[in-house]
Amino acid sequence: MNVYDSGRMADVLAPLGYVQVEAPDDADMVILNTCHIREKAAEKVYSELGRLKHLKNAKEDTGERMILAVAGCVAQAEGEEILSRAPYVDMVFGPQTYHRLGEMVARAGRAGDVVLDTDFPVEPKFDFLPASAPPMNPNKASGNEVSSAFLTVQEGCDKFCTFCVVPYTRGAEYSRPGADVMAEAKRLAATGVREITLLGQNVNNYQGAAPKGDWGLGRLIAEVATVDGIERIRYTTSYPADMDDELIAAHADVNELMPFLHLPVQSGSDVVLKAMNRRHNADDYRRLVDRLRVARPDIGLSSDFIVGFPGETDADFAETMKLVEEIGFIQAYSFKYSPRPGTPAAVMDTHVPDKVKGERLAILQDRLNTQQLVFNRSCVGKVMAVLLDRPGREPGQLVGRSPYMQAVHVDGTGGTMGVIAGLRITEAHANSLTGAPVEDYADAPNRAHERASA
Ligand code: SAH
């Protein structure tokens, strides 16, 4: 979502004459768009600011000025602290304020004021943002043609998982009206976008206003699938308890919806899940996965895990490992529990020693990496639909994404950028695949894996 938000900031700043550049050196303004989800992410901001201070000073030595800004969730959570730890910062503003960026830049630029804006708005910012411009492809000098784009449809969270800062930094759940999302999807398609990833902190609880009653996410996906040019749809991130029948049915009915779902479970222990204030237990999650597999037999699942949540015992961790074995994730993210200021779990008195967290994380990641490799290897010999969207490191090489989000490399002989190519997978690696173009590849590209495995 920060990638998407940064794009919207660029849209707001464009009328003021700002264009995006590749590197901070010599820039007139640098905005760090930050994440507060774990302590590591937040700490990175301060080390990055230390480096940028030198660039700012160097620019000032030549008689020019660099506006240095911190945006996003660290700004929201630590506004005052940033200004006292890094007094050379000119602007600090939270995720719900960037439609006011023009005004902030004027104040910081003209008057040299220090700007701090971490208000949650009375009116949602989407009502004031300009229509999004074509997304920039950071890998392409020419800028404008990207084939895969993010589209925020929902923001904020009302779930209050006891480990999580998101409800405090992004605010309450808000869904953009259906018509707004459709207009943005059409604009993206018109610029050559073939794949849209619908974004939200709780994207599957989307409830967008529409003339004949609110749309849920299943309905929204079906609508976006009707947009000319949109061949692939994804959505992230989902809260398991909010997967409704309509959305599960969309996995069966909407051909454009990719057979891949990121569905964070966090833990396999019911005791831990309860302490986390998750509204699912491990069996609920198992049943949900079963239903998704009935709807879309070739679906691949991904998840997030937290190890070492306060009170987690060896037996609890064993439950997580058991769930991992049973589900067979094709990809996953896993983290040591990181206490976040202001969250209920941070003040629990049963913290797990860091050494134990580290040991559990290593065991879990070893298993998850193996599952990913096993899945990648199972793709060898199959034909997969790959949306080629960026140049590779080697000359002539292109890289794209399979339906399962795997990076697939192909040499330039058969592929065209921005096109969904049929590639026969020749090699599998831990984090990527290699493929070769298939001559007579044509129909139903999104079901290619299913057909190949049938
Ligand atoms: N909405 C998602 C969460 C997305 S946040 C959900 O309901 O599951 C991204 C991931 O960061 C989370 O899934 C979680 O695994 C991790 N995370 C969040 N807070 C954390 C913390 N305090 N310590 C460690 N990992 C955390």
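Counting begins at 1 with the first residue of the sequence. In what follows, every heavy atom counts, from backbone to side chain, and hydrogens, waters and symmetry copies are set aside. Atoms within a ligand are numbered from 1 in the order they appear, just like the ligands themselves. Predicted, not measured: the structure shown is a model, and the values here were computed from it.
- Not counting sequence neighbours, Phe93 has no partner by the ring-ring contact (aromatic ring centres under 6.0 Å, His included) test.
- Salt bridge Glu312/Lys357: absent, no basic N to carboxylate O contact under 4.0 Å.
- Residues in residues 260-301 take part in these ring-ring contact (aromatic ring centres under 6.0 Å, His included) pairs, two or more places apart or across chains: His262-Tyr333.
- Arg8 forms no cation-pi arrangement with Tyr98, by the criterion of a distance under 6.0 Å to the ring centre and an angle within 45° of the ring axis.
- Contact residues of ligand 1 (protein heavy atom closer than 4.0 angstrom to a ligand atom; sorted by chain and number): Ile37, Arg38, Phe163, Gln201, Thr237, Tyr239, Pro264, Gln266, Arg278, Asp304, Ile306, Phe335, Lys336, Tyr337, Ser338, Arg340.
- Applying the side-chain contact (heavy atoms from CB on, under 4.5 Å) criterion to Val166, with sequence neighbours excluded, gives Ile37, Cys157, Cys164, Arg170, Gln201.
- No more than 12 heavy atoms of other residues, nucleotides or ligands sit less than 6.0 Å from atom NZ of Lys53.
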